[in-house]
Amino acid sequence: MHYYQCPAIGDGSDLAIDKQNDLAAFRLGDGEGKPFLPLRRSQPRLGEDIAAYGFPLTGVLSDSIKVTTGNINSLVGIENDTRYLQVSTPLQPGNSGGPVVDQWGSIVGVSTAVLGSGFTNATGIAAQNVNFAIRSNVVELFLQSRGIQFDAADPASDAKPFSTADLSDKVVPSVVQVLCHGGGKTVADTAIPPTAAEAPAPRSETSSDASIKEAAVEVVRNLIERDGGDASSSLRAVASIYADSISYYGKQKSIAEVLADKRDYFMRWPERDYRIRDGSLMVTCTNGACMVSGIYDWVVRSIPRNKQAQGSARFSYTISLGANPKIISEAGNVVKPARPLGAAFSVRTVRARWFCPATTPTPAEPPSPQASCGPAQQAPLAAAA
C-alpha cells in the first residue's frame, strides 16, 4: 500500500502515472489556493539560462528547498531522444520531479535523470554534470491525456528576466516536497524514487513511431499551408478535424466558439498566406497524442479595407491519435510583431488559403492559421495508432 504526502499540505489522492516518461500527478486535498507555475509554451533555446528547484539528498542536506542554476546544453537527450533536454543545472536524488524554469518562472522541463555511476561502471567514463529534464510539452501531453487543467504561457516580449533571487521568490511557493509511504519506509523525493536519478534508457524510435510523427506533421502542414478560397469549405474542414472541445490559446472552448472566431477573422482578412519556416518543426508523440510546434511566416491582406500586414509567430497543435484523429489543442505566440505593409508591397501575390486566422494581426498578437486536412491526410494517423 502506497500513499503520497506533502508534509506542509497533506495527503494526496487520485494518482496518475506515466511510466514511459517518468511523470506522476496527484490531487492534494488541502492544496486549494496554492500558487502554481505555468508551462512554457514556446520552445526552449540552446544555451538558455535556467534554474532547477527541488529537495536533493533529503536526510543528508537540510530540509529546505534548493536551487541550482545553469543552461540548456542540448535540445535533445541521449541518442537523440526528443522527449528530453540536457541541462547543466546540477541534479541529485531528490531533484527528480522538480521544476526546471526559465528566467521568467515558466516550466521548461521536469528534472528527471543524471548520467551517473551506472554509465561510469559500464563505460569507464566519469561524465561530469550531464543531467536531463523531460520537456514541458511532454508534461503538457500527459496532463491533457489525464484531463488535468494547467496554464501555459510565454513572457511578454518586453518582460525583463528575473535575477535568481527574485526568481526564487516567485517559484518557491509553488514547489513542495512529496513523500511516498510504503514498503516499510518513506522515500523522499519530489515525485519519483531517487534511483530514477540515473540516466534514462534511450528509446529507439520504431518505424511506427516515425510514421505517426510524419502523419502528424502532414496534418499540421496541410492545416497551415493548404490552398483554398471558399470560406464555407474552410469552416466545414475545420469542423471535421477539430474536437468538440479544444484548448484554444490557453482557454477551453467549444467547437462552435472556435468556428465563430475563425469565421469572423476570415471575413476580416480574405487573403492570407502562411509558410512554415524550414527547420523549425518539432514533434513529440506520447500518451496517445502528438504535439507539433514550429514557426510560420505570414502575410494577410484585405482589399476592401485597404489593409495588409506581415509577421512571424510560433505555433503549437496537439492531435489526439486513434481511429478518428482530432486537434485537441491550439496555441501560439508572437515572434515578430505584425507590421502594416505599404501600397508598394509586391513581394508575392497573396492567395486565399484553406484556413481562417483566429485573431486580428496587431503588434501583440499575430493571426494564427486555421484549416484542416481531408481524410487522405488523416488515414496514416489512424493506421499507425
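Starting from 1, each residue takes its place in the sequence as its number.
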- Item | hydrophobic_cluster_shared for Ile327 and Leu281, side chain cutoff 4.5 Å | yes
- Task: To the nearest 0.5 Å, tell me how far Ile241 CD1 sits from Arg236 CZ.
- Result: 15.5 Å
- Message: I'd like to know if Ile65 and Leu37 are part of one continuous hydrophobic network [Ile/Leu/Val/Met/Phe/Trp/Tyr, side-chain heavy atoms within less than 4.5 Å].
- Response: yes
- Message: Are Phe55 and Val175 packed together at the side-chain level, in the sense that at least one heavy-atom pair is separated by less than 4.5 angstrom?
- Response: yes
- Tell me, with the steps shown, if Ser168 and Tyr53 meet side chain to side chain donor-acceptor pair (under 3.5 Å). CA-CA 9 Å; Ser168 296; Tyr53 291 83; 2.8 Å; yes
- Do the side chains of Pro44 and Leu85 get nearer than 4.5 Å, heavy atoms only? yes
- Distance-only, no hydrogens or angles: does the Asn222 side chain make a donor-acceptor pair with backbone N or O of Glu218 under 3.5 Å? yes
- Polar contact flag, side-chain donor to acceptor under 3.5 angstrom, Gln144-Ser247: no
- Test log, rule side-chain contact (heavy atoms from CB on, under 4.5 Å), inputs Ile78 and Leu115: CA-CA 10 Å; Ile78 294 176; Leu115 205 60; 4.0 Å; yes
- Query: Hey, does Val220 have a side-chain heavy atom less than 4.5 Å from the side chain of Phe315?
  - Reply: yes
- Nearest heavy-atom neighbours spanning Ile17 and Phe142: C-CE1, 4.1 Å
- Item | salt_bridge(Arg40, Glu140) N-O dist < 4.0 Å | no
- Heavy-atom side-chain contact between Leu223 and Tyr274 under 4.5 Å: no
- Query: What's the spacing between Ile50 CD1 and Ile72 CD1 if we round to 0.5 Å?
  - Reply: 5.0 Å
- Query: Has the side chain of Lys170 got a donor or acceptor atom that lies under 3.5 Å from a matching backbone atom of Trp104?
  - Reply: yes
- Message: Could you tell me if the side chain of Ile328 sits less than 4.5 Å from the side chain of Tyr317, heavy atoms only?
- Response: no
- Distance from Thr82 atom OG1 to Asn137 atom CG, nearest 0.5 Å? 8.5 Å
- Rounded to the nearest 0.5 Å, how far apart are CZ of Phe26 and CD1 of Ile148? 11.0 Å
- Query: Which pair of heavy atoms, one from Pro173 and one from Pro35, lies closest together, and at what distance?
  - Reply: O-CG, 3.6 Å
- Message: Counting only heavy atoms from other residues, nucleotides and ligands, does the tally under 6.0 Å from CG of Asn121 exceed 12?
- Response: yes
- Message: Using side-chain heavy atoms (C-beta onward) and a distance below 4.5 Å, is Lys262 in contact with Val258?
- Response: yes
- Query: Side chains of Arg268 and Ser302: do they bring a donor and an acceptor to under 3.5 Å?
  - Reply: no
- Correct closest heavy-atom pair for Pro90 and Thr69 would be CD-O, 3.9 Å
- Query: Taking C-beta and beyond as the side chain, do Leu91 and Phe132 meet within less than 4.5 Å on heavy atoms?
  - Reply: no
- Query: Is a side-chain N or O of Glu48 found less than 3.5 angstrom from the main chain of Arg45, in a donor-acceptor match?
  - Reply: yes
- What is the distance from atom CG of Asn95 to atom OG1 of Thr89, rounded to the nearest 0.5 Å? 8.0 Å
- Treat each ILVMFWY residue as a node, draw an edge where side-chain heavy atoms are under 4.5 Å apart, and state whether Met291 and Ile212 are in one component. no
- Message: Would you say that Arg272 contacts Phe266 through its side chain, given a criterion of any heavy-atom pair below 4.5 Å between the two side chains?
- Response: yes
- Message: Are Ile107 and Val100 linked, directly or through intermediate hydrophobic residues, by side-chain heavy-atom contacts shorter than 4.5 Å (ILVMFWY only)?
- Response: no
- Message: Just to verify, what does Arg146 make a salt bridge (Lys or Arg N to Asp or Glu O under 4.0 Å) with, not counting sequence neighbours?
- Response: none
- Side-chain donor-acceptor pair present, Thr112, Asp22, cut-off under 3.5 Å: no
- Hey, is the main chain of Lys326 close enough, under 3.5 Å, to the side chain of Ser320 for a donor-acceptor pair? yes
- Task: Assess whether side-chain contact (heavy atoms from CB on, under 4.5 Å) is satisfied between Gln308 and Val299, documenting all intermediate values.
- Result: CA-CA 7 Å; Gln308 51 193 11; Val299 179; 5.8 Å; no
- Note on the structure: The remaining residues in the hydrophobic cluster of Leu57, counting side-chain heavy-atom contacts under 4.5 Å among Ile, Leu, Val, Met, Phe, Trp and Tyr, are Val60, Leu61
- Cluster question for you: counting only ILVMFWY and a side-chain heavy-atom cut-off of under 4.5 Å, with indirect links fine, are Tyr84 and Leu143 together? yes
- Establish, for the pair Arg305 and Trp269, whether the NZ or CZ atom is under 6.0 angstrom from the six-membered ring centre and no further than 45 degrees off its axis. yes
- Item | Over all atoms of both residues, closest heavy-atom pair of Ser88 and Asn131 | C-ND2, 4.0 Å
- Task: Show your reasoning for whether side-chain contact (heavy atoms from CB on, under 4.5 Å) applies to Ile276 and Arg221.
- Result: CA-CA 8 Å; Ile276 296 174; Arg221 191 173 293 279; 4.1 Å; yes
- Please test Arg275 against Trp298 for side-chain contact (heavy atoms from CB on, under 4.5 Å), starting from the C-alpha separation and ending with a verdict. CA-CA 7 Å; Arg275 293 296 172 187; Trp298 55 268; over 6 Å; no
- Task: Output the distance between atom CG (Asp297) and atom CD (Gln310), rounded to the nearest 0.5 Å.
- Result: 8.5 Å
- Message: Between Asn71 and Asn73, does the side chain to side chain donor-acceptor pair (under 3.5 Å) criterion hold? Intermediate values first, please.
- Response: CA-CA 6 Å; Asn71 306 92; Asn73 298 134; 5.5 Å; no
- Task: Locate the shortest heavy-atom distance separating Gln43 from Ser293; write the atom from each residue and the value.
- Result: NE2-OG, 2.6 Å
- Message: side chain to side chain donor-acceptor pair (under 3.5 Å) for Arg83 and Thr286? Distances and angles first, verdict last.
- Response: CA-CA 9 Å; Arg83 295 173 297 162; Thr286 187; over 6 Å; no
- Regarding Lys66 and Ser62, is there a side-chain donor-to-acceptor distance under 3.5 Å anywhere? yes
- Message: Would the distance check show the side chain of Asp18 and the main-chain N or O of Gln20 forming a donor-acceptor pair, the cut-off being under 3.5 Å?
- Response: yes
- Note: Ile255 and Tyr242 closest approach over all heavy atoms is CD1-CB, 3.5 Å
